[in-house]
Amino acid sequence: MELKFDPENPVYTHVINIDLVNQALDELEKEKVVGVDIESTSLDPHDTVILTVQIGTPVKSFLFDARQLKLGEIPRFKKFLEDNKIIKILHNGKFDYKHIKQNLNIEVANIYDTMLTEVVLNMGIGRGYYSLKELAGKYAGVDLQKAIRETFENMTPSTRLNESQLKYSAVDTLILFPVFDEQLKKLKKDDLVNIAKLEFAVTRVVGDMELRGVHIDIKKWKEIIKNTSAKRDGIAKMFQKEIRPFFKSNTIDLFGNIGDCININSQAQLMDLFNNKMHLSLPSTSDGILELVNNPIAKMLRDYRGYEKLVSAFGENLISKINKKTGRIHPEFNQLGTSTGRFSCNNPNFQQIPRQSEDAPFRACFTPEPGNKLVTTDYSTMEMRIMADLSGDQSLISAFQKGVDVHSHTAALMFGLDLSPNFAKDHPQERFAAKSINFGLMYGRGSNSLARQIGVSSEKGKEYLDTYFKLYPGVRRFLDKVAKEAVKNGWSTTPAGRKRWYIKPDKDDPDYQRKIGSIERQAKNHPIQGTNADATKYALVFLQEKIKEQGFDASPVLTVHDEVVCEVKEDQAEEWAKIQSKEMCRAGELFIKKVPVECKPFVADLWEH
DNA sequence: AGAGGTGGTG
DNA sequence: CATGCACCACCTCT
């Protein structure tokens, strides 16, 4: 491929006054596709100075100086970036979108993201992040000089950009074009254009979500941490006292206090205690094993761990993530953080905050700002509905059409019982068994592990599975077909077109069967989990569109796989809740046609209910 | 610094 | 021989 620019000597204009702005836009407005990038002093959009906004054609880059010009107040500039007809190529556009929105009040529209594209092209066999340097090398054979980036962090409001900084900034927009051209060919070849477009639309919603952040009731949070650590410390003390007889000598510290016998957090020291001192012969110290041991010390460890987990993973650390400027927590959502299309979340991970419990009501600490409400909506039994729809199994479909509890329905059929209104209460074990199969199958689960969970012999487990598949023959056909095709093709797909790739093992690989089995399980799960993710992502885009169209004072603040939380102005909350529910259903119905999609909103002063 | 164990979520 | 999907955080140990 021939480059249309010289990476050593790129053509650029440093745009430092309004005349140059107009000249630059005269040229840029002729383009259908431009490259966009920014340089700033910090990664935090709430505490940063934007130095330049670079916008380029394939041959030339315009470096708009954001300190010498008030770019947000130039209508023509704003209109250009918000124009839906001009494609803006960005690398990791979420970053630029957030900085530009927060600092210039401009919402970049019609994004093509080279990083997201690369992830979409390599789902399952690639990574979650690709640097522009990597893609420049891969698609254009250009070795980007990245050391200069660090020099931007030390800029003061008055320091001038030097020539190498300007060149570096210019190359960053020029290089986007060859990457874009090559990626686009691959997107078309692999039939991934639509899913890439969805991801590009989602980026703006994620940007808004991260900018807005989540409000937290710090007082309540600290109270929970205090109580929980007190309980943890009490149990730890008892634990040390109880195990002391197993140790010959006590350690005494400087002040004459008896020290701990072991580090209760150490797996190795616990194994020594349980197996060498107490002779319990445990294979591990995991909760599942400890649960089976009838021993007060094991019980104490279980209790300790329950509290320790809460304190260490969700305690002080979360307080430190409150943004100084906004007073809110701004978790990072990675929209392609998983191989199936789901989001992942970190800093902190809001998708693993414990559910509501008497002991530690963590989720109740996430509250709306005064004057607002939180509207929470989740899809109900979404993945089961997806499995019913994709498999086309008439029996499972009709269960959902009747609106009955699907696990009870399954149990009644499997065990020849009447589906009474009190079924869940009257036959908890049967329902649990049916539920285990319903969920397990979506994970490609086998009869052995199923039998273990519901506490029956492996023969019985096999029998249950056979019975299940006689009831729902379409489910078996569907799962088998998906698994077989994934092994044959090297990929699986969701109805929306999201692909997941698999690396086929060599025929002479000693682990051949195990690896094939793993691919089959992943492939059975992918269309189901992935379709749920696709629906949630469409929903987020729909919600953002409705907010803009109808002028609601609202924003999504969280998404947890099958759930969306919006923070909304109090007097608009009830009206918005209806729309939120409707739009989420509409998104689900794009893929689920044979069974109803259900989602109910909940308006509250806290997350969860 | 990275791996392994453990455990929180959907 | 075994065979449950998708994550992230914290801890200890090497």
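Scope of the values below: all heavy atoms of this structure, side chains included, with no hydrogens, waters or symmetry mates. Chain identifiers are assigned alphabetically (A, B, ...) following the order of the sequence lines, protein sequences preceding nucleic acid strands; residue numbering begins at 1 within each chain.
Remark: A:Glu463 engages A:Lys460 in a salt bridge, criterion side-chain N to carboxylate O under 4.0 Å.
Between A:Glu520 atom CD and C:dG4 atom P the separation is 13 Å, expressed in whole Å. When the P atom of B:dT6 is taken as reference, atom CG of A:Leu310 falls 18 Å away, rounded to whole Å. Between the CE atom of A:Met123 and the P atom of C:dA6 there is a distance of 12 Å, given to the nearest Å. The distance between atom CZ of A:Arg514 and atom C1' of C:dT3, rounded to the nearest whole Å, is 9 Å. Rounded to whole Å, the distance from CD on A:Glu316 to C1' on C:dA9 is 16 Å. Atom pair A:His526:NE2 and C:dC7:P shows a separation of 11 Å (rounding to whole Å applied). The distance between atom CG of A:Leu318 and atom C1' of C:dC10, rounded to the nearest whole Å, is 14 Å. Rounding to whole angstrom units, OH of residue A:Tyr443 and P of C:dC5 are separated by 10 Å.
The nearest pair of heavy atoms linking A:His526 to A:Arg498 is CE1-O, 3.2 Å.
Using modelled atom types and a 3.5 Å distance limit, the side chains of A:Asp534 and A:Thr494 yield a donor-acceptor pair.
Using a 4.0 Å cut-off, some side-chain N or O of A:Ser339 falls inside it from OP1 or OP2 of C:dC7. The phosphate of B:dT6 (OP1 or OP2) has a side-chain N or O of A:Gln267 nearer than 4.0 angstrom. Between A:Ser449 and C:dG4 there is a side-chain N or O to OP1 or OP2 distance below 4.0 Å. Contact check, A:Thr285 against B:dG5: no side-chain N or O comes under 4.0 Å of OP1 or OP2.
For A:Gln429, the CD atom counts as loosely surrounded, since its 6.0 Å shell holds 12 or fewer non-hydrogen atoms of other residues, nucleotides or ligands.
The base of B:dG7 is paired with the side chain of A:Lys309 by a donor and an acceptor separated by under 3.5 Å. The base of C:dC8 is paired with the side chain of A:Gln352 by a donor and an acceptor separated by under 3.5 Å.
Expressed to the nearest 0.5 Å, how far CD of A:Gln335 lies from OG1 of A:Thr203 amounts to 3.5 Å.
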